[in-house]
*Asks:* 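Here it is, the structure, as structure tokens.
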Amino acid sequence: MNIRIAIIGAGAMGADHARIVTEDMPGATLQVVCDSDAARAKSVADAFGAADSASDPEAVIARGDVDAVIVASPDFTHAPLSLACIRAGKKVLCEKPLSQSSDECLTVMAAEQAAGARFVQLGFMRRYDPSYAEMKQALADGSLGRALMMHNFHRNVETPAADFTGAMAITNSAPHEFDVVRHVLGCDYATISAAQPRRSDARVAPVVMMLETTDGQLVTIEINNNAAYGYDVRAELVGERGSIAMNPVAFTRRDTDLTSATAYSSDWRGRYAEAYRRQNRAFLQFVRTGQFPEIGSDCWDGYCAAVVAEAGVTALSAGRKVAVDRITKPEFYA
């Protein structure tokens, strides 16, 4: 069965999803590209051969010629558009976060539970990245022994906006780490603390977090949105019998003028291209079968990411360790 997909949001993420649907998802058709900027929607639709473009997202979700939806619009639209998809009975791949508000996440969870089925897959694509998959497998096969610590850093060239803050680093950038560490370790967070060093200029300084898991591991996360040198994400998982670390991804090394050098990407798209392809293919299978992807992120995972981010913002502001309090996981998401 051919699945007709609508993409909401025609920025960098929406355009990437449009390309993946067109080039890397056999059995899927790019039906509609929707954006509040009608000209931008048409430009992306034309570039990737979509049947139509539009500017009203809820009308697109309700269309009879749309079978499933990918939401890549601004963060504040994610929960409302996910709710619209649930009401329409259509599966949705929603970019992270589901919401920066844990209460709003609970609203979407309640709608799914009332509908009696899961409709929302969240775009925590790092679960599909081979490096994290190998870390998780190393724990599963026992070769590392018990997990003790996981160290993570996430560095960007510069902040996406001049008014970007340390709190935004926690709510906008860190959720990928919050989710994938939960996925690799197979447990949740109990506490979080956060601090920032002092820069010599007015740019937002790195945020460094220390988290304790419910299973007694320690997790460090550095978010440096003004690292200047390139896009760089790495992780190391330390066990009682050894460790496993992510290698920087570089396809070539250049040796000239007595210098050996590898290059960094300017953003995430090259580094995680394969993860996005795998994630989107898993979503297509979800639409076809109704069976939620085995390693996919659902609304519960979105809620957990929001809860720890909220606690992290409090910890950064208050300068103290903060407990991460969650509701009991509903059996619906078990």
Side-chain angles (χ1 to χ4, degrees), residues 1-9 13-14 17 21 25 27-34 54 56-125 127-128 175 179 182-183 188 279-307 309-310 326-334:
M1 181 178 68
N2 189 64
I3 304 298
R4 298 164 296 182
I5 294 178
I7 293 178
I8 299 175
M13 283 304 315
H17 281 296
V21 171
M25 293 173 65
T29 297
L30 182 59
Q31 190 71 10
V32 187
V33 176
C34 177
D56 183 341
E58 296 211 17
V60 166
I61 290 167
R63 283 173 56 155
D65 63 346
V66 169
D67 302 311
V69 179
I70 296 176
V71 170
S73 46
D75 291 359
F76 69 89
T77 69
H78 291 183
L81 292 177
S82 294
L83 287 168
C85 289
I86 294 169
R87 289 193 297 269
K90 295 178 182 179
K91 301 292 192 292
V92 54
L93 174 60
C94 178
E95 276 298 334
K96 68 85 185 171
L98 178 58
S99 174
Q100 292 180 8
S101 162
S102 60
D103 286 342
E104 194 170 35
C105 292
L106 291 173
T107 299
V108 181
M109 289 167 59
E112 271 197 326
Q113 292 173 83
R118 285 191 282 188
F119 286 89
V120 184
Q121 180 183 343
L122 283 180
F124 283 124
M125 81 295 173
R127 293 182 176 214
Y128 291 90
D179 180 76
R182 284 181 64 246
H183 174 66
D188 278 298
Q279 169 195 257
N280 287 23
R281 290 169 185 159
F283 173 63
L284 184 62
Q285 189 67 5
F286 175 36
V287 176
R288 283 192 176 128
T289 66
Q291 183 173 351
F292 196 84
E294 181 180 358
I295 65 170
S297 297
D298 60 18
C299 287
W300 170 255
D301 299 309
Y303 165 77
C304 289
V307 166
E310 288 171 340
R326 292 169 303 278
I327 66 167
T328 301
K329 185 175 184 178
E331 290 186 11
F332 182 86
Y333 294 103

*Asks:* Distance-only, no hydrogens or angles: does the His78 side chain make a donor-acceptor pair with backbone N or O of Pro97 under 3.5 Å?
*Replies:*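 The answer is yes, because a donor-acceptor pair under 3.5 Å joins these two groups.
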
*Asks:* Please, which pairs that meet ring pair (Phe, Tyr, Trp, His ring centres under 6.0 Å) have at least one residue in residues 91-124, sequence neighbours excluded?
*Replies:*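 Only Phe124-His176 qualify under ring pair (Phe, Tyr, Trp, His ring centres under 6.0 Å).
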
*Asks:* Compare every heavy atom of Pro293 with every heavy atom of Ala282, then report the nearest pair and how far apart it is.
*Replies:*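 Closest pair (atom of Ala282, atom of Pro293, distance): O-CG, 3.8 Å.
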
*Asks:* If you define the side chain from C-beta out and look only at heavy atoms, does anything of Leu83 sit under 4.5 Å from Thr107?
*Replies:*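 They are in side-chain contact.
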
*Asks:* Does the side chain to side chain contact (heavy atoms under 4.5 Å, CB included) test come out yes or no for Val21 and Ile70, once each step is laid out?
*Replies:* CA-CA 10 Å; Val21 171; Ile70 296 176; 3.9 Å; yes

*Asks:* Judged by atom type as modelled, is there a donor-acceptor pair below 3.5 Å linking the side chain of Tyr303 to the main-chain atoms of Ile327?
*Replies:*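 Yes, because the side chain of Tyr303 sits within donor-acceptor range (under 3.5 Å) of the backbone of Ile327.
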
*Asks:* Under the rule for side-chain contact (heavy atoms from CB on, under 4.5 Å), what residues qualify as partners of Tyr333, not counting sequence neighbours?
*Replies:*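 Once residues adjacent in sequence are excluded, the partners of Tyr333 under the side-chain contact (heavy atoms from CB on, under 4.5 Å) criterion are Met109, Glu112, Gln113, Arg118, Asp298, Cys299, Trp300, Lys329, Pro330.
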
*Asks:* Applying side-chain contact (heavy atoms from CB on, under 4.5 Å), name anything that partners Thr29, two or more places apart in sequence or on another chain.
*Replies:*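 Only Asn2, Gln31 meet the side-chain contact (heavy atoms from CB on, under 4.5 Å) criterion with Thr29.
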
*Asks:* Give the table of side-chain donor-acceptor pairs shorter than 3.5 Å for residues 283-292, with sequence neighbours excluded, one pair per line with atom names and distance.
*Replies:*
from	atom 1	to	atom 2	distance (Å)
Arg288	NH2	Pro26	O	3.4
Thr289	OG1	Gln285	O	2.8
Thr289	OG1	Gln291	N	3.1

*Asks:* Identify all side-chain donor-acceptor contacts of residues 84-96 below 3.5 Å with residues at least two apart in sequence or on another chain.
*Replies:*
from	atom 1	to	atom 2	distance (Å)
Lys90	NZ	Ile61	O	2.7
Lys90	NZ	Arg63	O	2.5
Lys90	NZ	Val66	O	2.9
Glu95	OE2	His17	NE2	2.7
Lys96	NZ	Asn172	O	2.3

*Asks:* Determine, stepwise, if the pair Met25 / Ile3 fulfils side chain to side chain contact (heavy atoms under 4.5 Å, CB included).
*Replies:* CA-CA 10 Å; Met25 293 173 65; Ile3 304 298; over 6 Å; no

*Asks:* Are the side chains of Thr77 and Pro74 in contact, using a 4.5 Å heavy-atom criterion?
*Replies:*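 In contact.
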
*Asks:* If I take atom OG from residue Ser73 and atom CD1 from residue Ile8, how far apart are they, to the nearest 0.5 angstrom?
*Replies:*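 Rounded to the nearest 0.5 Å, the OG-CD1 separation comes out at 6.0 Å.
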
*Asks:* Who pairs with Asp103 by side-chain contact (heavy atoms from CB on, under 4.5 Å), at least two apart in sequence or on another chain?
*Replies:*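 Once residues adjacent in sequence are excluded, the partners of Asp103 under the side-chain contact (heavy atoms from CB on, under 4.5 Å) criterion are Ser101, Leu106.
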
*Asks:* Check the pair Ser99, Val108 against side chain to side chain contact (heavy atoms under 4.5 Å, CB included), reporting the backbone distance first and the verdict last.
*Replies:* CA-CA 9 Å; Ser99 174; Val108 181; over 6 Å; no

*Asks:* When rounded to the nearest 0.5 angstrom, what distance separates OG in Ser82 from CD in Glu104?
*Replies:*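 Taking OG in Ser82 and CD in Glu104, the distance rounds to 9.5 Å.
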
*Asks:* Arg127 side chain to Gly296 main-chain N or O, any donor-acceptor pair under 3.5 Å?
*Replies:*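 Yes, Arg127 side chain to Gly296 backbone: donor-acceptor pair under 3.5 Å.
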
*Asks:* From Tyr128 OH over to His183 NE2, what is the distance, rounded to the nearest 0.5 angstrom?
*Replies:*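 Tyr128 atom OH to His183 atom NE2 measures 8.5 Å (nearest 0.5 Å).
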
*Asks:* To check you understand the geometry: which heavy-atom pair defines the closest contact between Leu81 and Pro57, and what is its length?
*Replies:*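 That would be CD2-CB, 3.7 Å.
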
*Asks:* Hey, does Ile7 have a side-chain heavy atom less than 4.5 Å from the side chain of Val32?
*Replies:*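 Val32 does not reach Ile7 side chain to side chain.
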
*Asks:* So, for Arg4 and Gly64, which heavy atoms are closest and what is the spacing to 0.1 Å?
*Replies:*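 It is NH2-O, 3.4 Å.
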
